[in-house]
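Sequence positions, counted from 1, serve as the residue numbers for this chain.
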Amino acid sequence: MNRYKVVKQLGDGTYGNVWKAINRQTNEVVAIKKMKRKFFSWEECMALREVRSLRKLSHPSVVKLKEVIRENDELFFVFEYLVRGRRGTRAQHRAHAAGWGCGHWQ
C-alpha cells in the first residue's frame with residue numbers, strides 16, 4: 001500500500017472504511033476500501049461476492065474496481081475515484097455518452 005498516499009476518509013461502513021488516496025507514481029486519485037476483517041489467504045479474498053461481482057461488471061454506471069490488494073492479512077479494494085459536481089458524477093457522464101439511461105430503479 002506504499003504506492004498510495006491517503007488523503008482523507010470518505011466513509012465508514014459495516015464491512016470497511018473508504019479513503020481518498022493518490023497513487024504516488026501516477027498521481028491518479030483513487031478511492032480505497034479497507035475491509036475491517038482479516039483475510040488469511042488470497043483464495044478467501046477472491047471468494048467474496050463483492051470481488052467476484054465487481055471483476056465481472058463493466059458498465060458506465062458502476063464504479064470500476066481497479067485493483068485488489070492483500071497485505072499483512074488486510075484486504076484493500078482500489079476503485080476509480082468519482083467526483084460529484086454540479087452536473088452529476090463521472091459515471092453518469094459515461095453512461096450518457098454510452099447511451100445508457102441513468103434513471104432511478106423502481
Side-chain angles (χ1 to χ4, degrees):
M1 288 303 298
N2 291 333
R3 285 186 299 225
Y4 298 97
K5 176 184 174 188
V6 172
V7 177
K8 69 176 182 175
Q9 186 172 7
L10 299 174
D12 181 19
T14 302
Y15 300 105
N17 300 313
V18 180
W19 300 85
K20 179 179 179 180
I22 299 172
N23 183 313
R24 293 179 192 272
Q25 295 174 337
T26 65
N27 287 324
E28 178 184 18
V29 179
V30 295
I32 298 178
K33 179 179 182 180
K34 179 184 176 197
M35 300 300 284
K36 289 184 177 177
R37 69 170 221 155
K38 299 287 185 187
F39 290 84
F40 301 104
S41 73
W42 187 246
E43 292 76 24
E44 187 181 8
C45 300
M46 292 297 104
L48 288 173
R49 184 181 312 148
E50 183 173 8
V51 174
R52 290 192 325 258
S53 298
L54 288 171
R55 287 178 66 203
K56 293 178 186 177
L57 284 173
S58 178
H59 188 280
S61 292
V62 176
V63 67
K64 180 182 176 188
L65 176 64
K66 300 176 73 60
E67 187 176 7
V68 179
I69 300 170
R70 182 180 157 264
E71 229 177 59
N72 301 319
D73 297 331
E74 295 182 321
L75 184 63
F76 303 88
F77 298 148
V78 181
F79 292 96
E80 68 179 324
Y81 180 75
L82 300 180
V83 180
R84 182 153 181 94
R86 293 186 308 178
R87 298 178 188 248
T89 65
R90 280 194 358 231
Q92 289 170 327
H93 290 294
R94 288 195 318 260
H96 178 73
W100 292 89
C102 289
H104 299 331
W105 290 97
Q106 296 182 3

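Side chain of Arg24 to backbone of Asn2: a donor-acceptor contact under 3.5 angstrom is found. Within the 3.5 Å criterion, the main-chain N or O of Asn23 finds no donor-acceptor partner in the side chain of Glu28. When atom types are taken as modelled, the side chain of Arg70 and the backbone of Phe39 share a donor-acceptor pair closer than 3.5 angstrom.
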Steps toward side chain to side chain contact (heavy atoms under 4.5 Å, CB included) verdict (Ile22, Tyr81) | CA-CA 10 Å; Ile22 299 172; Tyr81 180 75; over 6 Å; no
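For the atom pair CD (Glu50) and CE (Met35), the distance works out to 5.5 Å, reported to the nearest 0.5 Å. The CG atom of Leu54 sits 13.5 Å away from atom NZ of Lys66, with the distance rounded to the nearest 0.5 Å.
Applying the side chain to side chain donor-acceptor pair (under 3.5 Å) test to Arg37 and every residue at least two apart in sequence or in another chain returns Glu44.
Here Phe76 sits in one hydrophobic cluster together with Met1, Tyr4, Val30, Ile32, Ile69, Val78; the rule is ILVMFWY side chains under 4.5 Å apart, joined directly or through other members.
Lys34 NZ: 12 or fewer foreign heavy atoms inside a 6.0 Å radius.
Side chains of Arg52 and Met46 form no contact here, defined as non-hydrogen atoms less than 4.5 Å apart. By the 4.5 Å heavy-atom criterion applied to side chains, Leu65 and Phe79 are counted as neighbours. Side-chain contact check for Leu48 versus Phe77: some heavy-atom pair is nearer than 4.5 Å.
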Name the atoms and distances for all side-chain donor-acceptor pairs under 3.5 Å in residues 6-17, with sequence neighbours left out.
residue, atom, partner, partner atom, Å
Gln9, NE2, Gly11, O, 3.2
Asp12, OD1, Lys36, NZ, 2.9

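Transitive grouping of hydrophobic side chains (ILVMFWY, heavy atoms separated by less than 4.5 Å) keeps Trp19 and Leu75 in distinct clusters.
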